[in-house]
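Numbering of residues begins at 1 and proceeds along the displayed sequence. Keep in mind the model is a prediction, meaning the values are calculated, not measured.
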Amino acid sequence: MTAVQRVAIAGAGVAGLASAIFLARAGVEVDLYDAQPALPTRGSGITLQGNALRVFDELGVWDEVAAAGKAFEGLNLRAPGPGAPVVAALPDLKTGGPDYPSTMGMSRPDLARILLAAAEAHGARVHFGRRITGLSQTDDGVTVEVDGESAGTFDLLVGADGLHSAVRELIGIHVSPEQTGMGIWRTFVSLPPDVDRSELYYGGPMYIAGYTPTGDDTMYAFLVEAAQDRSHVAPEEARRIMVEQSRAYDGPWNHIRADIEAGADANYTWFTRHLVEAPWNRGRVVVIGDAAHSCPPTIAQGAAQGLEDAAVLSELLVDRDAVDQALWDAFHERRVARAKAIVDASVQLGQWQLDGVRDADMGGLMFGVAQLTAARA
């Protein structure tokens with residue numbers, strides 16, 4: 001007997017689709033609503049640490065993810081300037097355990113496609129172009145309004161609808177993402193022949209310049225700068241800016257610039273952070289993933305933490321027989337402090353660079369996060 005028989009989920013991102021898979025596989029009736037008309041077919045890459053890969057295996061999609069992405073071990077640090085020499089080759093802690101690579105890069109649209117297919121294969125009903133616009137609760141259920149009309153009563157509503165979560169606002173949690181002071185240019189390009197793992201450049205005109213392989217012939221590259229208003233920059237100008245700002249970086253960046261000049265998209269976003277303090281639920285409505293917490297991608301744990309939210313919440317809902325305070329206490333005990341540690345560490349790495357702290361123990365901080373995430377959530 002599960003604690004729920006019928007669940008509504010807002011958001012077809014990583015946390016929402018993972019929740020749909022876990023619950024539908026356990027026999028729960030799942031309806032997932034996403035405001036987008038369909039999954040995006042274009043996008044940049046994503047870096048996934050071992051603890052995320054472990055959850056993909058629990059979801060039953062590890063083989064598909066492994067085939068679609070690029071697994072690798074370790075991280076190279078390069079110096080800016082002529083030749084871009086490798087100054088350090090750093091090992092990675094296998095946070096998912098010995099059965100998984102330490103890191104994987106892949107295309108975001110490919111990951112979304114794999115998760116959607118698995119959710120639907122297990123019986124989840126996914127409704128695109130549908131937005132949750134209201135809700136009302138009793139002790140026994142939550143009635144969900146979609147596009148102004150009732151979609152029925154559910155045992156639980158999971159708000160996994162991202163940074164600007166509508167569900168979060170509907171239950172009176174007025175927390176919004178805050179800028180951290182950095183902005184990031186991203187592009188999706190072909191894989192240079194001499195790149196087989198993530199590489200980062202510290203120094204030069206950017207705070208960070210880097211890239212991650214996402215397949216046998218693709219990768220995404222990025223430049224991190226002080227946050228600016230780039231909202232009105234046209235696509236051609238965006239490519240020009242990214243090309244010019246990357247000229248201080250040699251080696252594989254010459255290949256990246258050539259692809260951008262040939263028409264690869266250049267996209268810009270700000271780094272933000274937020275954390276909903278416990279509790280993440282109000283009655284029978286709970287927020288998870290980016291709706292509950294977000295952080296800069298400096299440690300590449302954003303998707304992993306959303307996956308862990310989904311895994312822990314689903315485990316409790318399947319293993320227990322009531323949605324009660326004991327369930328919520330167990331969920332918050334396992335998730336809130338861990339998510340906060342990731343958010344704080346991710347922001348701290350960026351703040352040290354903004355403040356020009358030269359003796360910061362970045363390696364120690366990242367190793368501490370790796371040790372934390374190596375333990376199961």
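- Between Glu236 and Arg239 there is no salt bridge, since none of the side-chain N atoms of the basic residue sits less than 4.0 Å from a carboxylate O of the acidic one.
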Worksheet item: Between Ile241 and Arg230, does a side chain to side chain contact (heavy atoms under 4.5 Å, CB included) hold up when you go through it step by step?
Response: CA-CA 10 Å; Ile241 292 172; Arg230 303 285 197 181; 3.4 Å; yes
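- Few gaps surround CG on Asp324; more than 12 heavy atoms of other groups in view lie less than 6.0 Å from it.
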- Item | Worked check of side chain to side chain contact (heavy atoms under 4.5 Å, CB included) between Glu277 and Val175 | CA-CA 9 Å; Glu277 301 291 343; Val175 175; over 6 Å; no
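- Ion pairing between a basic and an acidic side chain is recognised when a charged N comes within 4.0 Å of a carboxylate O; Glu261 and Arg247 show such pairing.
- A donor-acceptor distance shorter than 3.5 angstrom exists from the side chain of Gln137 to the backbone of Arg284, with no hydrogens or angles considered.
- Remark: the His255 side chain and the Ser190 side chain contain an N/O donor-acceptor pair separated by less than 3.5 Å.
- A donor-acceptor pair under 3.5 Å links the side-chain atoms of Arg108 to the main chain of Gly45, judged by distance alone.
- Between Leu191 and Asp216 there is no side-chain heavy-atom pair separated by less than 4.5 Å.
- A donor atom on one side chain and an acceptor atom on the other are not found under 3.5 Å apart for Thr180 and Arg273.
- Of the residues listed (Val285, Val286, Ile171, Ile173), the one engaging Trp280 in a side chain to side chain contact (heavy atoms under 4.5 Å, CB included) is Val286, and it is the only one.
- Atom CD1 in Ile21 sits 5.0 Å away from atom CG in Leu59 (nearest 0.5 Å).
- The pair Glu315-Arg376 does not meet the salt-bridge criterion, since no charged nitrogen lies less than 4.0 angstrom from a carboxylate oxygen.
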Does the ring-ring contact (aromatic ring centres under 6.0 Å, His included) test come out yes or no for Trp185 and Tyr268, once each step is laid out?
CA-CA 5 Å; Trp185 288 100; Tyr268 189 79; 4.7 Å; yes
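- Here the CD1 atom belonging to Ile208 is positioned 6.5 Å from the CG atom belonging to Leu200, to the nearest 0.5 angstrom.
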- request: Could you check Asp34 against Gln36 for side chain to side chain donor-acceptor pair (under 3.5 Å), going step by step and ending with a plain yes or no?
  value: CA-CA 6 Å; Asp34 192 280; Gln36 298 179 99; 3.3 Å; yes
Please determine whether side chain to side chain contact (heavy atoms under 4.5 Å, CB included) holds for the pair Ile184 and Arg186, giving the CA-CA distance in whole Å, both sets of side-chain angles, and the decisive distance to 0.1 Å. CA-CA 6 Å; Ile184 184 169; Arg186 291 185 173 100; 3.7 Å; yes
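- Distance OG1/Thr47 to CD/Gln301: 11.0 Å, rounded to 0.5 Å.
- The line from CG of Asp259 to CZ of Phe188 is 11.0 Å long, rounded to the nearest 0.5 Å.
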Between side-chain atoms of residues 339-350 and protein atoms elsewhere (two or more places apart, or another chain), which donor-acceptor pairs fall under 3.5 Å?
{"from": "Lys340", "atom 1": "NZ", "to": "Asp344", "atom 2": "OD2", "distance (Å)": "2.7"}
{"from": "Ser346", "atom 1": "OG", "to": "Ile342", "atom 2": "O", "distance (Å)": "2.8"}

Can you give the donor-acceptor pairs under 3.5 Å from side chains of residues 147-158 to other protein atoms, not counting sequence neighbours?
{"from": "Asp147", "atom 1": "OD1", "to": "Arg131", "atom 2": "N", "distance (Å)": "3.2"}
{"from": "Asp147", "atom 1": "OD2", "to": "Arg130", "atom 2": "NE", "distance (Å)": "3.2"}
{"from": "Ser150", "atom 1": "OG", "to": "Gly152", "atom 2": "N", "distance (Å)": "3.2"}
{"from": "Thr153", "atom 1": "OG1", "to": "Thr143", "atom 2": "OG1", "distance (Å)": "2.9"}
{"from": "Asp155", "atom 1": "OD2", "to": "Gln5", "atom 2": "N", "distance (Å)": "2.7"}
{"from": "Asp155", "atom 1": "OD2", "to": "Arg6", "atom 2": "N", "distance (Å)": "2.9"}

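- Rounding to the nearest 0.5 Å places CG of Leu372 at 9.0 Å from CG of Asn51.
- For the atom pair CZ (Phe56) and CG (Asp63), the distance works out to 13.0 Å, reported to the nearest 0.5 Å.
- Using the six-membered ring where Trp is involved, Phe331 and Trp328 have ring planes that are perpendicular, over 60° apart on the 30 and 60° scheme.
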(message) Evaluate Thr95 against Tyr100 for side chain to side chain donor-acceptor pair (under 3.5 Å), listing each step before the verdict.
(response) CA-CA 9 Å; Thr95 57; Tyr100 310 100; over 6 Å; no
| said: What verdict does the salt bridge (charged side-chain N to carboxylate O under 4.0 Å, His left out) test give for Asp57 and Arg54, after you've listed the backbone C-alpha separation in whole Å, the side-chain angles of each residue and the deciding distance to 0.1 Å? | reply: CA-CA 5 Å; Asp57 203 2; Arg54 180 173 59 209; over 6 Å; no
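- A donor-acceptor pair shorter than 3.5 Å cannot be found between the side chains of Thr103 and Arg197.
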Run Asn267 and Ser44 through side chain to side chain contact (heavy atoms under 4.5 Å, CB included) and show every step you take. CA-CA 9 Å; Asn267 299 302; Ser44 64; 5.8 Å; no
